Amino acid sequence: MTRGTGPRLAVALDGAGWHPAAWRSEDARPTEVFKAGYWLDLVREAEAGTLDFVTFRDSLALPSDGVRGRLDAVLTAARVAPLTSGIGLVPEIVATHTEPFHLSKAIATLDYVSTGRGGVQVSVSSSPEEYRNFGRREFGEDISGEAADYIEVLRRLWDSWEDDAEIRDVATGRFIDREKLHYIDFEGRFFKVRGPSITPRPPQGQPLVTASSGVADSSVDVVYVTPQSREEIGALVEAQHGRQVFADLVVFLDETSQAAADRRARLDSLALLESDALVFTGTPAELAELLLAWHVAGLDGFRLRPAALPHDLTAITRGLVPELRSRGAFRKSYEAPTLRGLLGLDRPANRYVA
Amino acid sequence: MTKQQKQIHLAAHFPGVNNTTVWSDPEAGSHIEFSSFVKLAQTAERAKFDFFFLAEGLRLREQGGLIYDLDVVGRPDTFTVLAALAAVTSRLGLAGTINSTFNEPFEVARQFASLDHLSEGRAAWNVVTSWDAFTGENFRRGGFLPQDQRYSRAETFMRTAWELFDSWRADDLVADKATGQFLRGEPGRFEHHDEHFDIAGQFPVPRSPQGRPVIIQAGDSEEGREFAAATADAIFTRHGTLEAGQAFYSDVKGRLAKYGREHSQLIVLPAATFVLGDTDAEAHERADVVRRQQVSGQTAIKFLEQLWNADLSGFDPDGPLPAFDPVAGENTIAKGRASVRMYRDPLATARQWRELAEAKNLSIRELIIEVTGRQNFIGSPATVAGQINDFVQADASDGFILVPHVTPGGLDEFADKVVPLLQERGVFRTDYTGPTLRDHLGLTTPASPA
Ligand SMILES: Cc1cc2nc3c(=O)[nH]c(=O)nc-3n(C[C@H](O)[C@H](O)[C@H](O)COP(=O)(O)O)c2cc1C
């Protein structure tokens with residue numbers, strides 16, 4: 001096992017990075033955020049560092065600061081999928097305004113076009129702008145529990161085809177065995193969905209489902225948390241019994257901690273960084289120490305949010321990753337062909353198989 | 001003086017969820033693995049086709065209350081697979097069928113604008129209007145739309161999407177690092193209130209390379225034709241004979257003037273199937289084999305049930321037609337397919353079929369082979385190239401959306417043998433002349449708002 005005992009590593013991609021002034025950095029490519037090549041370069045860089053997965057941030061409104069504009073995250077992930085081969089691709093979707101039937105087949109299809117590297121980050125809508133763009137519901141309505149229902153529908157639809165439903169039996173003229181297709185008949189407080197999916201069960205069976213803590217904790221495979229200190233980790237992890245817990249950290253990485261702090265100060269003078277996650281400034285070696293210590297404290301992995309792209313991503317792949325590898329704490333090559341496999345998760349049995 | 005030859009437009013339809021697609025052929029590959037989509041798209045691009053086309057159906061079809069199992073079942077999400085295909089092609093247009101009933105304008109406009117950016121100007125939207133409650137059972141909103149409102153919703157959906165596409169000017173993205181100005185003003189603002197939509201906000205996607213995706217319309221009714229004449233860049237249709245094609249062509253082109261549009265602004269593209277052979281005789285032999293593959297005994301019974309609106313599972317496909325008439329009233333036997341509404345007068349159709357079967361002494365299966373979907377073009381490459389060109393030059397269409405019957409290799413022979421003949425005649429491009437799908441189709445790019 002080349003991964004050793006170290007943490008798993010993901011990177012969260014958004015615009016020109018997580019600092020709202022990141023796009024003004026010298027090496028930033030702010031207008032290319034709307035071109036495929038930009039995303040391909042970033043994901044390939046992450047893949048060169050053998051990271052577990054990247055997430056693609058999304059929302060259903062115009063971002064109010066930083067790079068003001070955004071492409072659809074599922075389509076961006078699909079666009080890079082055929083040109084990458086090892087890394088997991090996890091776009092964010094907003095459950096509140098979208099159809100679980102559409103998104104279930106979209107993520108299943110992402111899993112097909114990436115041959116088993118698809119996942120999803122499910123989020124809920126917290127901005128009145130998103131409500132107005134859809135005009136179908138009232139902002140302020142009680143939506144608690146909807147994300148969990150939504151994920152339940154995604155999952156049932158992925159299972160609504162058994163793996164061997166396609167039979168191509170010439171004697172009886174049947175392409176499928178319809179006994180192996182299942183109506184899901186989900187009925188909840190927010191919607192009913194009949195099924196089955198129009199898309200056969202995806203390669204991973206169940207693509208990876210992730211969400212920030214508090215969205216739908218018991219429904220997901222990976223939960224993102226935002227500890228501010230090592231002391232908080234034990235309780236955060238315990239609350240998630242059994243799910244993989246990743247801590248989000250915004251990172252400024254440079255050759256000296258002074259350089260990192262100076263870079264942050266420069267960007268802060270241009271725009272204010274508001275962050276729910278801890279902001280780390282320092283060297284890759286210092287970050288490696290912190291990650292290892294927090295990993296020992298109970299975290300399965302980390303989702304690093306590069307403050308500026310490509311600078312802090314490159315520092316992760318070319319600085320942090322070698323530091324971890326030299327400590328025997330990170331893989332040197334991809335050891336599994338699927339995202340679930342990278343995270344040590346089995347391909348789940350189908351809930352509808354008796 | 002001879003009339004200048006029209007240039008032919010060609011598109012490749014990924015084989016679909018219907019009996020045209022022969023899954024039992026030893027050459028037939030996967031309908032869901034991405035490699036099949038890559039293969040067909042790359043063949044189409046190699047042959048310099050205008051675009052790749054995907055149909056859509058949002059609920060698995062049923063017959064007699066059971067999931068229909070005789071045809072290919074299962075397909076990917078349209079947007080997602082097209083975005084992935086943008087990575088493995090560079091010029092080919094990417095057309096997706098997207099329903100206007102079970103989606104929202106903000107979301108679909110965002111997806112198409114994203115696809116147009118990610119493909120550098122190759123996106124097309126085939127707008128369809130299926131409305132039924134059967135499909136609605138898969139969606140939050142259920143079957144909310146009465147049939148007679150589907151085109152009114154489609155029209156306002158489209159108008160709203162256009163407002164969103166046009167909400168950014170081409171130069172609204174400034175991103176001046178020195179001054180910190182990212183946008184010119186506050187682009188993307190929109191507001192739309194009508195009986196279907198009540199929305200306002202700011203659209204998040206900058207103006208895309210084509211301004212807006214190419215709009216295709218597929219629907220045959222009076223409202224459908226009017227909708228196409230008013231709003232579409234291309235119309236996807238089915239045609240039988242040359243005469244029927246010409247009648248349709250002049251009908252829809254004739255509607256354009258009313259909307260201040262020119263003939264060249266609406267491209268008529270019927271679906272077409274084909275079977276090739278080294279000689280015409282060999283092609284016809286092959287076509288007969290394909291027809292038998294497409295219409296198995298079991299399929300023949302199912303087709304008959306769709307007209308009869310009754311369970312005919314006890315009938316022998318190699319035996320005669322039922323002696324009784326079709327069940328009158330609403331067709332309840334088949335769900336989730338457009339074709340049942342083709343039989344507007346089931347009794348009359350049944351009478352015709354019975355007369356034909358008696359005259360030619362046909363079994364149920366032989367009859368169905370005869371009366372449903374024969375291939376449009378059958379012959380040697382030279383014959384097929386000639387037929388296609390004749391159709392186009394005679395104004396029965398502007399080209400075709402070709403539907404191969406084998407996945408994913410069913411276009412290879414056409415690409416290798418027919419396309420070069422069309423190129424020799426000077427009626428089909430030998431290379432792409434521009435980067436966008438609008439360039440391939442000879443459509444202008446909508447001007448950015450000032
Ligand atoms: C050539 C053609 C292709 C079509 N393809 C689709 C399709 O892929 N998905 C779909 O939901 N409807 C499809 N339709 C159905 C139409 O969108 C429409 O719902 C149906 O034709 C009824 O409209 P009409 O009464 O105007 O014909 C197609 C129709 C035609 C004529």
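Lettering follows sequence order; numbering is per chain, from 1. Keep in mind that the numbers below use all heavy atoms, side chains included, and drop hydrogens, waters and symmetry copies. As the structure is a prediction and not an experimental result, all values here were calculated from the model.
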Note, Arg194(A) side chain near Arg59(B) side chain (heavy atom, < 4.5 Å)
yes

Per-residue contact mode, Leu110(A) against chain B (heavy atom under 4.5 angstrom):
both

Heavy-atom side-chain contact between Pro100(A) and Arg140(B) under 4.5 Å:
yes

Whether Arg24(A) side chain and Ala178(B) backbone form a donor-acceptor pair below 3.5 Å:
yes

Backbone N or O of Ile67(B) within a donor-acceptor pair of the Arg178(A) side chain at under 3.5 Å?
yes

Ile32(B) CD1 to Trp161(A) CH2 distance, which is reported to the nearest 0.5 Å
7.5 Å

Quick one: of Gly201(B), Gly180(B), Ser296(B), Ser119(B), who has the most non-hydrogen atom pairs under 4.5 Å with chain A?
Gly180(B)

Please flag which part of Ala61(A) lies under 4.5 Å from any non-hydrogen atom of chain B: side chain, backbone, both or neither.
backbone

Heavy-atom proximity to chain B below 4.5 Å, by part of Ser104(A)
neither

Of the non-hydrogen atoms in Val88(B) and Pro82(A), which two are nearest, and what is the gap between them?
CG1-CB, 3.9 Å

Separation between CG of Asp69(B) and CZ of Phe175(A), rounded to the nearest 0.5 Å:
11.0 Å

Measure the CG-CG distance between Leu40(A) and Leu118(B) for me, rounded to the nearest 0.5 Å.
11.0 Å

Less than 4.5 Å to any heavy atom of chain A: does that hold for the side chain of Glu62(B), its backbone, both, or neither?
side chain

Polar side-chain atom of Asn138(B) near backbone of Gly195(A) as donor-acceptor pair, under 3.5 Å:
yes

Ring geometry between Phe139(B) and Phe101(A) (parallel below 30°, tilted from 30 to 60°, perpendicular above 60°):
perpendicular

Give the minimum heavy-atom separation between Ser24(B) and Val170(A), together with the two atoms involved.
CB-CG2, 3.9 Å

Worked verdict on Leu173(B) versus Phe34(A) for side-chain contact (heavy atoms from CB on, under 4.5 Å)
CA-CA 10 Å; Leu173(B) 197 61; Phe34(A) 307 102; 3.6 Å; yes

Can you tell whether the side chains of Lys35(A) and Glu120(B) come within less than 4.0 Å, N to carboxylate O?
no

Among Arg141(B), Gln111(B), His117(B), which residue has the highest count of heavy-atom pairs closer than 4.5 Å to chain A?
Arg141(B)

Quick check for you: to the nearest 0.5 Å, what is the distance between Leu58(B) atom CG and Lys105(A) atom NZ?
5.5 Å

Tightest non-hydrogen contact, residues Thr199(A) and Arg75(B), listed as OG1-O, 2.7 Å

Can you say whether Ala21(A) sits under 4.5 Å from chain B via the side chain, the backbone, both, or neither, judging by heavy atoms?
neither

Ser114(A), part contacting chain B, at a heavy-atom distance under 4.5 Å
neither

Is it true that, when you exclude Glu141(A) itself, more than 12 heavy atoms of the residues, nucleotides or ligands shown sit nearer than 6.0 Å to its CD?
yes

Take a 6.0 Å sphere around NZ of Lys177(B) and say whether it holds more than 12 heavy atoms from other residues, nucleotides or ligands.
yes

Relative to chain A, which segment of Val73(B) carries a heavy atom at a distance below 4.5 Å: side chain, backbone, both, or neither?
both

Determine the option with the most heavy-atom pairs under 4.5 angstrom with chain A, choosing from Asn103(B), Thr78(B), Val174(B), Thr299(B).
Asn103(B)

Flag, side chain of Glu137(B) to backbone of Asp185(A), donor-acceptor distance under 3.5 Å
no

Parallel, tilted or perpendicular, judged at 30° and 60°: which one describes the rings of Phe182(B) and Trp23(A)?
perpendicular

Check each atom of Asp58(A) against the heavy atoms of chain B and say whether the ones under 4.5 Å are side chain, backbone, both or neither.
side chain

So that I can tick it off, tell me whether Arg136(A) and Glu107(B) are bridged by a salt bridge, with the cut-off set at under 4.0 angstrom between side-chain N and carboxylate O.
no

Heavy-atom cut-off 4.5 Å, strictly under: side chain, backbone, both or neither for Asp177(A) against chain B?
neither

Taking every non-hydrogen pair under 4.5 Å, which of Pro105(B), Ala113(B), Ala175(B) racks up the most with chain A?
Ala175(B)

Okay, Glu130(A) and chain B: the region with an atom under 4.5 Å from a heavy atom over there is neither

May I ask you to name which of Phe190(B), Phe37(B), Phe203(B) has the most heavy-atom pairs under 4.5 Å with chain A?
Phe190(B)

Could you tell me whether Glu186(B) and Arg68(A) make a salt bridge, using a distance below 4.0 angstrom between a side-chain N and a carboxylate O?
yes

Of all heavy-atom pairs linking Ala83(B) and Leu75(A), the shortest is CB-O, 3.5 Å

Could you tell me if the side chain of Arg174(A) sits less than 4.5 Å from the side chain of Leu70(B), heavy atoms only?
yes

I'd like to check Tyr183(A) versus Leu60(B) (side-chain heavy atoms, cut-off strictly below 4.5 Å). Are they in contact?
no

Portion of His193(B) that has a non-hydrogen atom of chain A nearer than 4.5 angstrom:
neither

How far does OH of Tyr68(B) sit from CD1 of Ile176(A), to the nearest 0.5 angstrom?
11.0 Å

Among Val81(B), Leu66(B), Leu164(B), the residue with the most heavy-atom pairs under 4.5 Å to chain A is Leu66(B)

Given a strict heavy-atom distance threshold of 4.5 Å, which part of Ser197(A) is in contact with chain B: side chain, backbone, both, or neither?
backbone

Whatever's closer than 4.5 Å to a heavy atom in chain B on Tyr150(A) counts as side chain

One should read off an interatomic distance between Arg79(A) CZ and Ser114(B) OG, to the nearest 0.5 angstrom, of 13.0 Å

Within a radius of less than 6.0 Å around CZ of Arg292(B), do more than 12 heavy atoms belonging to other residues, nucleotides or ligands occur?
no

Phe34(B)-Tyr112(A) aromatic ring centre distance below 6.0 Å
no

Measuring heavy-atom distances to chain B, does Val80(A) have an atom under 4.5 Å in its side chain, in its backbone, in both, or in neither?
neither

